[in-house]
Structures are given as C-alpha cells and as structure tokens.
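What follows is a set of notes on a single structure, which appears directly below.
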Amino acid sequence: MKTFIIAEAGVNHNGSLELAKKLIDVAVDTGADAVKFQTFKAENVVSSVAPKAEYQLKTTNNQETQLEMIKKLELSFEDFKKLKNYCDEKGIMFLSTPFDIESARFLKELELEIFKIPSGEITNYPLLKEIGSYKKKVILSTGMADLGEIEDALDILIESGTKREDITVLHCNTEYPTPMEDVNLKAMLTIKEAFKVNVGYSDHTLGIEVPIAAVALGATVIEKHFTLDKNLPGPDHKASLEPDELKALVKAIRNIEKALGSGIKKPSKSEIKNIPIARKSIVAKRDIKKGEILTEENITTKRPATGISPMMWKQVIGKKALKDIKADKPLEFGDIE
C-alpha cells in the first residue's frame with residue numbers, strides 16, 4: 001500500500017507568497033503526495049494574552065507576543081487561492097490546516113479533498129463539529145492527547161457526518177524537536193487497535209529515521225515539516241527538514257513500501273537461482289564401493305544442492321550403494337537401493 005506523504009510547509013513561508021511557491025516546488029521535486037500549509041486569521045486563533053511555547057521562545061523574538069508572531073506568519077485567503085492554483089499546475093495536492101471556523105469554511109470553498117485537524121484543535125468542539133459536517137476525508141493529529149480525548153474527537157466528527165473509514169488518526173508528539181525517548185511510536189498501533197481506524201504519524205523529531213520506522217509499522221500517512229533553510233527566522237524552521245533530507249525521506253519510504261511485500265513467505269524470483277548454490281546435498285564422504293552400506297562414516301552433507309536433500313538423511317542411512325560412488329559426489333536416487 002502506498003503511504004500518503006505530506007510535506008508540511010506549515011508557516012515556513014514566513015508570510016511570503018513567493019517563499020510559499022518555492023516550498024511547493026521543493027515538495028514536487030521530492031516526490032511528496034501533498035504539500036500542506038496552515039490557514040488562520042491570527043485574531044481568531046490567539047488571544048492577546050497567550051504566551052509563546054518554550055520552543056518558540058528559543059527560535060523567535062522574545063519581545064513579541066504569540067499573537068504578534070503568528071500575525072507575521074499569516075497569508076491571506078487570496079494568497080491561498082493562488083497557492084492552490086499553483087499546486088494544481090504543478091500536479092501536487094494542496095492541503096492546508098484550518099485553525100478557526102472562518103478558515104475552515106474558506107478551505108471548503110476551495111474544494112479541499114482532505115481536511116487536516118492539528119493536534120492543538122483536538123479539543124476544539126466547534127471546529128471539530130464544523131469540519132465533521134463537511135463529510136470529507138479527515139486527518140486528525142493527536143499530539144498532547146490521551147485515548148479518551150481521541151475518542152471524544154472521533155465521536156464529534158462521526159456524529160457530525162464524517163464516516164469512520166474516512167478518518168486517519170496520526171500519532172504525534174507536540175514538542176519541536178521531539179526527543180527520541182518521547183516518540184512512543186508503538187502508541188500508533190494502540191490507536192489503530194482501540195479505534196479501528198487508519199493510522200499514520202506526524203513527525204517532529206530531528207532526522208528521518210522515525211517516520212521510516214512508522215511506515216514499517218503500518219503508517220498509511222506520514223507528515224513531516226520541511227523548509228528551504230533551517231537557519232531562516234521563524235518558529236518551525238529548526239525542527240524541519242531541508243530539501244535534500246525531505247527527498248531522502250520520500251525515497252526511503254518508497255523503498256520500505258517495496259520491502260514490506262505481500263507477507264507470503266516463499267522464495268522470491270531473485271533468490272530462486274541461488275537455492276542449488278547455497279543449499280546442500282548428501283554426498284560421499286570418501287570413495288564408496290558398490291554394495292557398501294551407507295553410514296555416517298561414508299556420507300556427509302556439502303554444497304551444491306543438486307543431489308538428494310539432507311532432509312532425506314534418515315531414509316538414506318542403512319541403504320546399499322548400487323554402484324561405485326566417488327568422494328564428494330552428490331548422491332542421486334539411482335545410486336542407492
């Protein structure tokens with residue numbers, strides 16, 4: 001099954017439409033399935049008294065409020081129309097996460113196929129109810145959430161009209177970057193078992209190994225932040241992949257998809273030719289005379305596997321040689337009684 005890879009541009013455009021288009025170009029070049037932004041009206045999302053997160057304090061100007069920081073990262077609805085058209089031209093799916101109802105309704109008008117609900121909105125009843133009523137495919141991130149909160153969010157989406165089979169739940173950790181010991185990747189399997197939904201993983205670790213592991217564990221969706229340059233100013237650049245890293249991630253995931261295979265255990269096309277070379281036959285340990293009884297003293301097992309299989313050992317022991325057999329010759333059924 002093909003993993004749906006979302007290249008998360010987020011707010012790494014720093015409020016610039018041109019930078020946003022460059023991010024789309026990178027996502028196309030890497031082979032990602034979709035590029036995702038974040039759509040919001042800052043005043044609808046953040047109050048004037050909201051503090052910054054610790055990681056935001058480290059990566060942005062400490063003198064500004066969260067609202068001031070978010071306001072600088074806002075693109076207009078008109079900008080998003082242009083970005084959607086640009087994605088259509090480039091042949092990549094445009095996605096954007098709405099953080100408020102006004103933005104959700106705008107994205108519905110843009111005819112988005114999939115609605116992504118971010119971790120911070122998993123307890124936002126009005127927004128969940130609004131998006132659930134669209135009856136579209138939904139991807140729900142679960143950073144900071146426990147199973148009860150995931151269950152409540154799923155109930156709201158489903159009661160509002162979205163089908164369970166149209167919801168993919170992403171395991172996630174909302175720390176930028178996420179420490180390895182806090183990833184808890186097995187929780188993705190717990191979510192799948194608990195709610196009988198498709199699952200995936202939204203990654204905030206440094207590097208690419210954890211999302212690759214998530215695909216091996218059965219993630220159907222992978223989301224990863226990327227940037228043009230980790231050194232750009234802004235809250236998310238440092239925990240994002242640069243273009244070459246994103247390309248390496250996509251390539252690795254596609255390789256893992258191939259490597260997972262069908263699950264049927266049988267020799268593959270490529271290895272069948274090696275069976276006679278790598279396996280063994282029963283062979284004469286020394287010259288054996290016609291009429292001699294075969295014992296552990298005069299037969300052994302060696303490569304190649306062109307004679308009687310060693311799995312026939314018990315049936316061969318005690319049999320009589322019908323002809324002279326040279327040392328090292330693989331035994332054939334015509335050689336013994």
Side-chain angles (χ1 to χ4, degrees), residues 6-16 19-20 23 26-27 35-75 95-100 103 116-124 127 139-146 149 170-185 187-188 200-211 213-214 222-243 245-246 249:
I6 301 170
E8 165 73 280
V11 292
N12 283 346
H13 49 70
N14 286 4
S16 158
L19 207 54
L23 286 162
V26 167
V35 59
K36 189 175 81 64
F37 294 93
Q38 297 176 6
T39 305
F40 53 85
K41 291 288 180 74
E43 289 85 356
N44 294 345
V45 177
V46 183
S47 74
S48 56
V49 296
K52 284 183 177 180
E54 188 182 316
Y55 77 91
Q56 292 170 338
L57 289 170
K58 288 178 185 172
T59 54
T60 61
N61 176 3
N62 288 356
Q63 303 309 308
E64 64 184 4
T65 64
Q66 189 188 157
L67 178 60
E68 287 166 339
M69 175 189 76
I70 296 288
K71 188 71 188 163
K72 289 195 298 194
L73 302 172
E74 189 180 299
L75 289 173
L95 295 177
S96 195
T97 299
F99 284 77
D100 57 86
S103 297
K116 168 72 201 298
I117 299 170
S119 295
E121 305 302 323
I122 197 166
T123 57
N124 186 348
L127 185 62
I139 296 173
L140 174 70
S141 268
T142 60
M144 306 173 289
D146 59 29
E149 289 169 328
L170 303 190
H171 174 53
C172 178
N173 178 290
T174 307
E175 174 62 311
Y176 302 82
T178 300
M180 285 295 174
E181 59 272 20
D182 287 349
V183 170
N184 192 18
L185 202 50
M188 181 179 76
Y201 175 62
S202 178
D203 185 53
H204 299 130
T205 63
L206 297 175
I208 65 173
E209 61 263 58
V210 181
I222 291 291
E223 179 180 85
K224 183 76 175 176
H225 281 264
F226 77 107
T227 178
L228 298 179
D229 182 349
K230 288 181 186 183
N231 297 312
L232 285 169
D236 295 344
H237 294 284
K238 290 240 176 329
S240 301
L241 296 181
E242 289 188 341
E245 294 172 303
L246 182 62
L249 173 62

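A quick note: this is a predicted structure, and the numbers were derived from the prediction, not measured.
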Quick one: does Asp236's side chain get under 4.5 Å of Thr227's, heavy atoms only?
no

Kindly say whether Pro233 contributes a backbone atom to a donor-acceptor pair with the side chain of Asn14 at under 3.5 angstrom?
yes

Testing His171, Lys224, Glu209, Glu8 for side chain to side chain contact (heavy atoms under 4.5 Å, CB included) with Asp203, which one passes?
Lys224

My understanding is that only one of Pro118, Ser119, Ser141 makes a side chain to side chain contact (heavy atoms under 4.5 Å, CB included) with Leu170; could you say which?
Ser141

Ring geometry between Phe37 and His13 (parallel below 30°, tilted from 30 to 60°, perpendicular above 60°)
tilted

Look at the side chain of Asn12 and the backbone N and O of Phe226, then say whether any donor-acceptor pair between them is shorter than 3.5 Å.
yes

Would you say the side chains of Ser96 and Thr39 form a donor-acceptor pair under 3.5 Å?
yes

Does the pair Lys71/Glu68 count as a salt bridge with the N-to-O cut at 4.0 Å?
no

Are Glu223 and Cys172 close enough that some pair of their side-chain heavy atoms sits under 4.5 Å apart?
no

So that I can tick it off, tell me whether Lys58 and Glu54 are bridged by a salt bridge, with the cut-off set at under 4.0 angstrom between side-chain N and carboxylate O.
yes

Could you check whether any side-chain N or O of Gln38 sits under 3.5 Å from a backbone N or O of Gly10, counting only pairs where one atom can act as donor and the other as acceptor?
no

Check: His237 and Asn231 side chains under 4.5 Å, non-hydrogen atoms:
no

With no hydrogens and no angle check, is any side-chain donor or acceptor of Ser103 less than 3.5 Å from a backbone partner on Phe99?
no

